*Asks:* 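Quick one: the structure is below, questions incoming.
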Amino acid sequence: ISADIPLVVSIRYLDSKGIAGTATETITIPIENLVDFRLMEDIIVSAEKGKTTILEGDLLLVGTGKVEFASVSIISEGPVQRITGSTEYIGAIDPDSPVPFTIRFETDADAQLGDSDLHLRITYLNSRNVQENRTISVPLQIVAPSTTATPPSDDGGLWGWLRRLFGLQ
């Protein structure tokens, strides 16, 4: 819990005439919340080279107090690129209460296949309304893009929607 804890300090001394004296002072020590983030489950994200991937997870705050105005975003580095939807606003997070999130990222078309790391930045306001950042790392496995082609479909538009709605397909 974030608080200011008063501490009383007393000093006993002898002055230059040999007379004993005491000085007492009260000082305040600010104590901050302990904040640590992790994913609820240990996951390995699999992403196709050069494609957009969706990461769904549950963010868990392990700490002594809640945080406000939290958001999760992808850090662009290495083979990972930020795209629209790579930041999700979460809001307040209470300790030991998992919060689901979904964010998207893209891997480079020339990324090397194999293991890498995906870094997530959690931005929040602490108990003193100061913005702070924490970074967590998620294992990332980059795989070759799939070569399955989807057949062209003329089920689009209003007529396709109506056929699907009435079960005529």
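Residue indices begin at 1 and follow the sequence shown. Reckoned from all heavy atoms, side chains included, excluding hydrogens, waters and symmetry mates. All of these numbers come straight from a predicted model, not from anything done at the bench.
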*Asks:* Give a yes or no on whether Glu41 atom CD has more than 12 heavy-atom contacts from other residues, nucleotides or ligands under 6.0 Å away.
*Replies:* no

*Asks:* Is it true that, when you exclude Lys66 itself, more than 12 heavy atoms of the residues, nucleotides or ligands shown sit nearer than 6.0 Å to its NZ?
*Replies:* no

*Asks:* Taking side chain as C-beta onward, heavy atoms only, is Thr135 less than 4.5 Å from Ile75?
*Replies:* yes

*Asks:* Do Glu68 and Tyr124 pair up side chain to side chain, a donor and an acceptor below 3.5 Å, judged on atom types alone?
*Replies:* no

*Asks:* Heavy-atom distance under 4.5 Å between the side chains of Pro79 and Ile142, does that happen here?
*Replies:* yes

*Asks:* What's the spacing between Gln141 CD and Ile44 CD1 if we round to 0.5 Å?
*Replies:* 7.0 Å

*Asks:* Do Val45 and Leu113 share a hydrophobic cluster, counting only Ile, Leu, Val, Met, Phe, Trp and Tyr and linking them when any side-chain heavy atoms are less than 4.5 Å apart?
*Replies:* yes

*Asks:* Just do the side-chain contact (heavy atoms from CB on, under 4.5 Å) check on Asn126 and Val35 with the steps written out, would you?
*Replies:* CA-CA 9 Å; Asn126 66 14; Val35 175; over 6 Å; no

*Asks:* When rounded to the nearest 0.5 angstrom, what is the spacing between OG1 in Thr87 and CZ in Arg104?
*Replies:* 11.5 Å

*Asks:* Taking the side chain as everything from C-beta on, heavy atoms only, tell me whether Thr123 gets closer than 4.5 Å to Phe69.
*Replies:* no

*Asks:* Give, for atom CG of Leu140 and atom OG1 of Thr53, the distance between the pair rounded to the nearest 0.5 Å.
*Replies:* 7.5 Å

*Asks:* Indicate the atoms forming the closest heavy-atom contact of His119 with Ser137, along with that distance.
*Replies:* CE1-OG, 3.6 Å

*Asks:* Output all residues satisfying salt bridge (Lys or Arg N to Asp or Glu O under 4.0 Å) with Arg121, sequence neighbours left out; order by chain, then residue number.
*Replies:* none

*Asks:* Applying side chain to side chain donor-acceptor pair (under 3.5 Å), which residue pairs with at least one partner in residues 106-117 are found, sequence neighbours left out?
*Replies:* Gln81-Asp108

*Asks:* Looking only at non-hydrogen atoms, find the nearest pair between Pro98 and Pro100 and report the distance.
*Replies:* O-CD, 4.0 Å

*Asks:* What is the minimum heavy-atom distance between Arg82 and Ile74, and which atoms define it?
*Replies:* NH1-O, 3.2 Å

*Asks:* Below 4.5 Å, heavy atoms only, C-beta onward: do Leu60 and Phe37 meet side chain to side chain?
*Replies:* no

*Asks:* For a side-chain contact (heavy atoms from CB on, under 4.5 Å) with Leu55, tell me which candidate from Thr102, Leu39, Ile43 qualifies.
*Replies:* Ile43

*Asks:* Is a side-chain donor or acceptor of Ser86 paired with a backbone partner of Phe105 at a separation under 3.5 angstrom?
*Replies:* no

*Asks:* Donor-acceptor pair, distance only, cut-off 3.5 Å: does the side chain of Arg12 make one with the backbone of Ala20?
*Replies:* no

*Asks:* Nearest 0.5 Å, please: how far is CD in Glu132 from CD1 in Ile122?
*Replies:* 12.5 Å

*Asks:* Between CD1 of Ile5 and CD1 of Ile29, what distance do you get to the nearest 0.5 Å?
*Replies:* 7.5 Å

*Asks:* Could you go through Val72 and Leu59, starting from their C-alpha distance and side-chain angles, then the distance that decides it, and tell me whether this counts as side-chain contact (heavy atoms from CB on, under 4.5 Å)?
*Replies:* CA-CA 9 Å; Val72 178; Leu59 185 65; 3.8 Å; yes

*Asks:* What's the separation between atom CD1 in Ile136 and atom CZ in Arg38, rounded to the nearest 0.5 Å?
*Replies:* 10.0 Å

*Asks:* Counting neighbours of OH on Tyr89 that are heavy atoms of other residues, nucleotides or ligands and sit closer than 6.0 Å, is the number greater than 12?
*Replies:* yes

*Asks:* For Asn133, does the CG atom sit with more than 12 other heavy atoms under 6.0 Å from it, leaving out its own atoms?
*Replies:* yes

*Asks:* Looking only at non-hydrogen atoms, find the nearest pair between Thr24 and Thr22 and report the distance.
*Replies:* OG1-CG2, 4.0 Å

*Asks:* Indicate yes or no for a side-chain donor-acceptor contact from Asp94 to the backbone of Ser97 under 3.5 Å, with no hydrogens or angles considered.
*Replies:* no

*Asks:* For Leu61, which of Ile93, Asp96, Val99 qualifies under side-chain contact (heavy atoms from CB on, under 4.5 Å)?
*Replies:* Ile93

